[in-house]
Trainee: 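Pasting a structure here, questions to come.
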Amino acid sequence: MSKILIISGSPRQSSVSIRIANFLAKELEKDPLLEIERIDLRQDFLPPIQKVWSAKDQASDAGKILFSKLERADGILLVSPEYNGSYSSSMKNLLDHFPRPLYENKVFGIATGSTGAMGGMRAAQQLISLVVALFGILSPRLLVTPHMDKKFNAESELIDESFSKNTAVFLKEFLWLLRKIDSGKE
């Protein structure tokens with residue numbers, strides 16, 4: 001069974017990008033061969049980093065739970081809104097708390113969104129650089145979601161059927177890579 005961690009990168013209680021994360025989780029939960037865990041930065045918020053927790057026992061109580069989720073994950077989906085041309089600083093803060101070996105050789109998928117026409121493209125470009133710096137394995141298919149407030153409703157349901165192919169292809173490519181990497185492990 002593959003374990004996928006979805007990190008919803010917006011700390012805002014009125015987050016719109018959480019709709020994308022929730023939708024992806026619901027789609028992935030349909031596969032009985034997947035175990036889905038979540039980190040939602042609206043609840044799993046960490047204070048500004050003071051040091052990297054290089055081992056689980058060095059982490060705060062909340063950090064130990066997050067450390068375990070990252071440790072167990074075979075694949076990680078980063079879901080972020082675009083804030084001022086970049087991804088969420090809360091996501092960067094979260095990821096910086098933990099050592100690079102927790103991310104190495106894990107499959108990453110990037111999903112971004114904005115209420116504007118660009119769909120978080122600049123955030124996605126910067127997340128690509130972050131995944132490379134973490135020594136993760138990036139799925140080349142991105143999910144860039146323009147007008148995300150018109151694609152997903154408040155119940156995280158896809159309401160723009162023309163976007164369904166985008167989400168399906170994004171998940172298909174991410175899972176294909178995850179399974180190829182998992183099958184190559186000894």
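Keep in mind that the numbers below use all heavy atoms, side chains included, and drop hydrogens, waters and symmetry copies.
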Trainee: For the pair Arg38 and Asp40, evaluate salt bridge (charged side-chain N to carboxylate O under 4.0 Å, His left out) and give the outcome as yes or no after the intermediate values.
Mentor: CA-CA 6 Å; Arg38 306 276 302 267; Asp40 181 346; 5.3 Å; no

Trainee: Does CD in Glu155 sit with more than 12 non-hydrogen atoms of other residues, nucleotides or ligands closer than 6.0 Å?
Mentor: yes

Trainee: Less than 4.5 Å apart, any side-chain heavy atom of Asp74 and any of Val107?
Mentor: no

Trainee: Roughly how far, to the nearest 0.5 Å, is CE of Met91 from CD1 of Ile39?
Mentor: 9.5 Å

Trainee: Would you confirm whether Asn93, through its side chain, and Leu46, through its main-chain N or O, come within 3.5 Å as a donor-acceptor pair?
Mentor: yes

Trainee: Check Ser90, Ser88, Ser10, Ser89 against Tyr83 for a side chain to side chain donor-acceptor pair (under 3.5 Å) and give me the one that passes.
Mentor: Ser10

Trainee: With a 3.5 Å distance limit and no angle check, can you tell me whether Lys151 reaches the backbone of His147 through a side-chain donor-acceptor pair?
Mentor: no

Trainee: Quick one: do Arg179 and Asp31 satisfy salt bridge (charged side-chain N to carboxylate O under 4.0 Å, His left out)? Show the steps, please.
Mentor: CA-CA 13 Å; Arg179 290 181 171 129; Asp31 187 331; 2.5 Å; yes

Trainee: How long is the gap from CD1 on Ile18 to CD on Gln13, to the nearest 0.5 Å?
Mentor: 10.0 Å

Trainee: Is any side-chain heavy atom of Val131 closer than 4.5 Å to a side-chain heavy atom of Leu78?
Mentor: yes

Trainee: Decide side-chain hydrogen bond (donor to acceptor under 3.5 Å, both in side chains) for Gln58 and Ser54; before the verdict, give the C-alpha distance in whole Å, the side-chain angles of both, and the deciding distance to 0.1 Å.
Mentor: CA-CA 7 Å; Gln58 295 175 353; Ser54 57; 3.0 Å; yes

Trainee: Identify the two heavy atoms, one from Met148 and one from Pro81, that lie closest to each other, and give their separation to 0.1 Å.
Mentor: CE-CB, 4.5 Å

Trainee: For Lys172, is the NZ atom crowded, meaning more than 12 foreign heavy atoms sit under 6.0 Å from it?
Mentor: no

Trainee: For a side chain to side chain contact (heavy atoms under 4.5 Å, CB included) check, start with the C-alpha distance between Leu5 and Leu70, then their side-chain angles and the critical distance, and finish with the verdict.
Mentor: CA-CA 7 Å; Leu5 176 62; Leu70 287 163; 3.6 Å; yes

Trainee: Over 60° means perpendicular and under 30° means parallel, so classify the ring planes of His97 and Trp53, tilted if in between.
Mentor: tilted

Trainee: Would you check if Phe163 and Leu143 make a side-chain contact, meaning some heavy-atom pair closer than 4.5 Å?
Mentor: yes

Trainee: Verify the neighbour count for atom CZ of Arg12: are there more than 12 heavy atoms of other residues, nucleotides or ligands below 6.0 Å?
Mentor: no

Trainee: Before giving the answer on side chain to side chain contact (heavy atoms under 4.5 Å, CB included), spell out for Lys92 and Leu130 the whole-Å C-alpha distance, their side-chain angles and the decisive distance to 0.1 Å.
Mentor: CA-CA 9 Å; Lys92 178 75 165 107; Leu130 176 63; 4.3 Å; yes

Trainee: May I ask you to test the Phe108-Phe174 pair for a side-chain heavy-atom distance under 4.5 Å?
Mentor: no

Trainee: Report yes if some heavy atom in the side chain of Ile6 is under 4.5 Å from a heavy atom in the side chain of Glu37; otherwise report no.
Mentor: no

Trainee: Answer yes or no: is there a side-chain heavy-atom contact under 4.5 Å between Phe45 and Leu94?
Mentor: no

Trainee: Please step through side chain to side chain contact (heavy atoms under 4.5 Å, CB included) for the pair Phe23 and Leu158, ending with a clear verdict.
Mentor: CA-CA 7 Å; Phe23 174 82; Leu158 183 63; 3.8 Å; yes

Trainee: Does Phe170 reach the side chain of Leu77, with side-chain heavy atoms less than 4.5 Å apart?
Mentor: yes

Trainee: Ile20 versus Phe152: any side-chain heavy-atom pair under 4.5 Å?
Mentor: yes

Trainee: Show your reasoning for whether side chain to side chain contact (heavy atoms under 4.5 Å, CB included) applies to Ser68 and Lys64.
Mentor: CA-CA 6 Å; Ser68 292; Lys64 286 177 182 156; 5.6 Å; no

Trainee: Is the side chain of Thr145 donor-acceptor paired with the backbone N or O of Gly113 at a distance under 3.5 Å, no angle test?
Mentor: no

Trainee: Measuring from Leu34:CG to Glu29:CD, what's the distance to the nearest 0.5 Å?
Mentor: 9.5 Å

Trainee: Under 6.0 Å from the ring centre and within 45 degrees of the ring axis: does the NZ or CZ of Lys56 meet both conditions for the six-membered ring of Phe67?
Mentor: no

Trainee: Check Gly120 against Thr112 and note the closest heavy-atom contact, atom names and distance.
Mentor: O-OG1, 3.1 Å

Trainee: With no hydrogens and no angle check, do the side chains of Ser86 and Gln126 hold a donor and an acceptor under 3.5 Å apart?
Mentor: yes

Trainee: NZ of Lys180: more than 12 outside heavy atoms within 6.0 angstrom?
Mentor: no

Trainee: Check whether the side chains of Ser2 and Asp182 place a donor and an acceptor atom closer than 3.5 Å, and report yes or no.
Mentor: yes

